[in-house]
Structure formats: C-alpha cells, structure tokens
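Following: one structure in structure tokens, then a few remarks.
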Amino acid sequence: MGDGNAVNNRGGATNSSNSEKPEWLQQYNLIGKIGEGTYGLVFLAKTKSPANRGKSIAIKKFKQSKDGDGVSPTAIREIMLLREISHENVVKLVNVHINHADMSLYLAFDYAEHDLYEIIRHHRDKVNNMINQYTVKSLLWQLLNGLNYLHSNWIVHRDLKPSNILVMGEGDEHGVVKIADFGLARIYQAPLKPLSDNGVVVTIWYRAPELLLGGKHYTSAVDMWAVGCIFAELLTLKPLFQGAEAKSTPNPFQLDQLDKIFKVLGHPTLEKWPTLASLPHWAQDIQHIQAHKYDNAGLHTAVPLSPKSAPFDLLSKMLEYDPRKRITAAQALEHEYFRLEPLPGRNALVPSQPGEKVINYPTRPVDTNTDFEGTTSLQPPPPMQSGNSGGMAGPHGVNRSAPRPMHMGMQRMQPQGMAAYNLSSQAGMGGMNPGIPMPRGVPHQQQNLRRKEPSGMGTGYPPQQKSRR
Ligand SMILES: Nc1ncnc2c1ncn2[C@@H]1O[C@H](COP(=O)(O)OP(=O)(O)OP(=O)(O)O)[C@@H](O)[C@H]1O
C-alpha cells in the first residue's frame, strides 16, 4: 500500500509543513478539495516524483465509520483487488494509503477534469443546447465498454450515476470516459447505507426497480438500469426518473421513485416479470404498489426519440423491468445504434460536424482552503513548485472574475495549466487518428483515436452549490 506497498504508520495528514505530514503524503502537493461524496472528501493533488512531476491525482479520503472501527481486513482485501483493475474506461486506482493513527483510508486515483453531472449541467443551465449525437454515443459506448470490463471481472458498480462517470480533460486522453467509484459500494455497503450523514444526498434516481422493490441482490443488471437512466439524461438533460427520496428510516421504501418509473414505463406485470412476486415490497405493499393503476405513458413521451429508432430500442432494452431480460453491457456494445452514423469515437468531446463549435466545459472548482482533515483554513494556498504550473502565476490559475458562491477558496483550474500537467501522464496511448471509429471488442490499447483535439479550452463558470450528485 502506498508507494512500494508499504503501509504507513505515522500521524494524520495536515496541510502544514512537510515534517508533520505522513510519509506517503509527502509525495504529493495538495492543491485543495474538489468534492464531497457519501463516504468522504475528494482532493486534487499533484505528484512530486520526478518521473511524474505535476501529474494530477484525485485523492479520496474515506471517513471513519460511526463506530470508529477503521478499515476492516475485508475492505483492505477488496481494495487491493481494485488495484489490479486496468482498463481505459475505468479510472485507475494508483495508490492506497492508510493512516494508522486514525485508521483513515486514502485512495489515490488518476484525475479526470470533467464528469457527466457537470457536462449535463453545463448544457442545461449554461449553454442551453443539447449534447450532440456523436458525443452522446461516444460517452455511452465508452461507459458500456468500461462496464463490460468490470462485469467481466465480476465487479458490479452498484452506484452508477452521472457524477461517477468521469471524462478526461485536455491531453492525450481528452474526452475519454472513466468509470469511478466502482467496487467501493460493496466495501462500504452502499448505496443503501451511507456511513454518516454529511448532508450529501444519496441519489435514488438511478436505482433499479428490483432494488426499489426490496431485492437484495446486486447483479450487473442494476448497473444497466442506471446506464439506461444516464443515456436518457444525456438525451434530455433531465433525470429520467426524479423521485423524491423517503428518509424516514435508514433504508426506507422509495415509493415515489417507483411511482415515477411506473408513470413512464407502466405497471410491471407478473407476466413480463415473473419473479416480481417474490420481491418483498411487491408482496407487502399491495395497496400502494399493486392497487394503483398507471396509464402506460410510454418511454417515447420521456425522450426525444422515435420508437422505431435504434437508440430508442437500445434504451428500452436497458430499461427492461425484468433484470434477467435486461440487456447486458456486452450485448449493448453490439447494438445496431453503435453501427450507425455518427460512429462513436475515443474523444467524446470533439464537435460532431466539421465547423461545429467546440464546447469548453468548465474545469473543476478547487477549494484551496480545505486540508485533508476537511478543516477550512483561511491561509493562502502554498506556492506551486516550479515546473508544475504550466506557466501560471498561482498554484492552479485563479479565475478571478468568477464569483465564489460555494467556498471562499473555490477556484477553477485554468486550461493552459492542465495541458502541461497531462503531458507526462498519458504515455503509450497512441497518436491521433482522426476519422477512424472505435472497433468493438478490442483491447483499449488498440483502439484508434477518432478526431482531432479541439484547438483550445475557455474558462469555466462559477461553481454552484450541489446537494445532489
Ligand atoms: N478521479 C477523479 N478525478 C476527478 N474528480 C473526481 C474523481 N473521483 C471523484 N471525483 C469527483 O469528486 C466529487 C465527489 O466524488 P465522490 O465519488 O466522493 O462523490 P459522489 O460521486 O458525488 O457521491 P457518492 O459518494 O454519493 O457516490 C465528484 O464531483 C466526482 O466527480
């Protein structure tokens, strides 16, 4: 664990001088906090080692469980297995660190500048236009490609949602999708049981009906349901099934979420889904679930697709009620949709047509005043070491014109800096090969690049408070 697989046994991480930092942390420059999820905080750091100097890393710090029982040996075993996972469309776990002083766990991942939550939000709230067909198809293809790899390795994600689907920023991997947070749900018994209430809302919008009806088995089909919801959201920029979450008990029956699903897809029937009868809430909640009559509005009312089109066919197969009949990731990759123009490509973020405008997605806001303990200080961030900043004056390019509604220290990385950071990190990914679609079923190293990189990226938008991701 950590560099050289040594388990570090020193004190807690701080944002102060090097001598007080645990040894593993000294290999990074901590830049600031970039997010907060159910299980802890996510930080942006840069590596200091000469081989990878300035490479961006996302460090996820896991909270202690409420009983303070630290990281169990089972969790450690699971995490070590995740280090073996390697695929272009799955975010790389580069290091695992345990602070034995407080038994806190830190996972270091390759950093991705964007995620689908932000990309969708940008189209919906900022540029006010749809995501182009090529981008939707490329994002979906890569998501399925990564998921197919995870499922082939018996890893069910369990918590797929737009914020867990990352997209690389500028560099050799620009526009490449990376699935994040895989395998962690099992370790932490999520998504049904967050460790503690930190105000982050656990979304139920992507949860499969068999789980909502009380099913206990997480099969790969639950991920495919989530992919269907995400596919629809990419097409409409709105969550497909936006149920209000019940919070009365630790794991309450989410009736409203089911109601939202049934309103679009109609009532599930035993004829179409024979094992429905064995699901606890179907049997117990006859009054709410079985007695309510739903008119089958139809999926076509919720998405702008012709019911006879290939994307509609694929989407309906992902949103099949019976998990045993739901399309698998491997089958979805073979679907006709991906054989029709525009063909999916490796860089999902390039324009779909020659001459079409490049969309400059905002870079992640960075809260430079929060240290690894999650403590907010008002100290200015430490200066970046020379060579890391790509010519920027500050540590990560302060967007001075942007208001900061979220945290005093929230700042955005400037794109010209990111280009420099990415240079050293993406060796061996091959050169650009515009115009060649991604072949199906070949290892990622052999996949060709499809289009040219856009010529530049602009500045971002001010960060906004997010309660639901
Ligand atoms: N490798 C990474 N590179 C860049 N950003 C990341 C990385 N991993 C996670 N993030 C971002 O950090 C933020 C918090 O992520 P995290 O996974 O902790 O929570 P979440 O996905 O928002 O919610 P939950 O923990 O409930 O699944 C999100 O914006 C996410 O996109």
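Just so you know, ligand 1 is whichever comes first in the structure, and atom 1 is the first atom listed for that ligand.
Contact annotation for Thr203 and ligand 1: no heavy atom of the residue comes within less than 4.0 Å of the ligand. No part of Glu113 comes within 4.0 Å of ligand 1, judged by heavy-atom distances. Using a 4.0 Å cut-off between heavy atoms, Leu44 makes no contact with ligand 1 at all. The parts of Ser163 lying near ligand 1 are both backbone and side chain, judged by heavy-atom distances below 4.0 Å.
Here's the thing with Gly40: none of its N/O atoms is less than 3.5 angstrom from an N/O atom of ligand 1. Among the atoms of Tyr111, none of the N or O lies under 3.5 angstrom from an N or O of ligand 1.
Residues satisfying the side chain to side chain contact (heavy atoms under 4.5 Å, CB included) test with Ala332, not counting sequence neighbours, are Leu144, Met224, Leu314, Met318, Ile327.
In the vicinity of Lys60, heavy-atom distances shorter than 4.0 Å reach the ligand 1 atoms 16 (P), 17 (O), 18 (O). The contact set between ligand 1 and Asp115, taken as ligand atoms under 4.0 Å from a residue heavy atom, comprises 29 (O), 31 (O). Proximity to Ala58 (heavy-atom distance under 4.0 Å) selects the following atoms of ligand 1: 1 (N), 2 (C), 3 (N), 7 (C). Residue Val42 has at least one heavy-atom neighbour below 4.0 Å for each of these atoms of ligand 1: 12 (O), 14 (C), 15 (O), 18 (O). Short contacts between ligand 1 and Asp181, defined as distances under 4.0 Å to a heavy atom of the residue, involve ligand atoms 17 (O), 21 (O), 27 (O).
Closest of all the heavy-atom pairs between Pro280 and Gly214 is CG-O, 3.5 Å.
Not a single heavy atom of Glu118 sits closer than 4.0 Å to an atom of ligand 1. Assignment of Lys178 to the shell around ligand 1 is not supported, since no heavy atom sits closer than 4.0 Å.
Rounding to the nearest 0.5 Å gives a distance of 12.5 Å between CG of Asp259 and CD of Gln254.
Using cut-offs of 30° and 60° on the angle between ring planes, the pair Tyr321 and Trp225 is parallel. Between Tyr106 and Trp24, the two ring planes are tilted [angle within 30° to 60°].
No salt bridge links Glu245 with Arg207; every basic N to acidic carboxylate O contact stays at or beyond 4.0 Å. Glu118 and Arg121 are joined by a salt bridge, as a carboxylate oxygen and a charged side-chain nitrogen come within less than 4.0 angstrom of each other. Here Asp181 does not pair with Lys161 in a salt bridge; the nearest charged N to carboxylate O distance is not below 4.0 Å.
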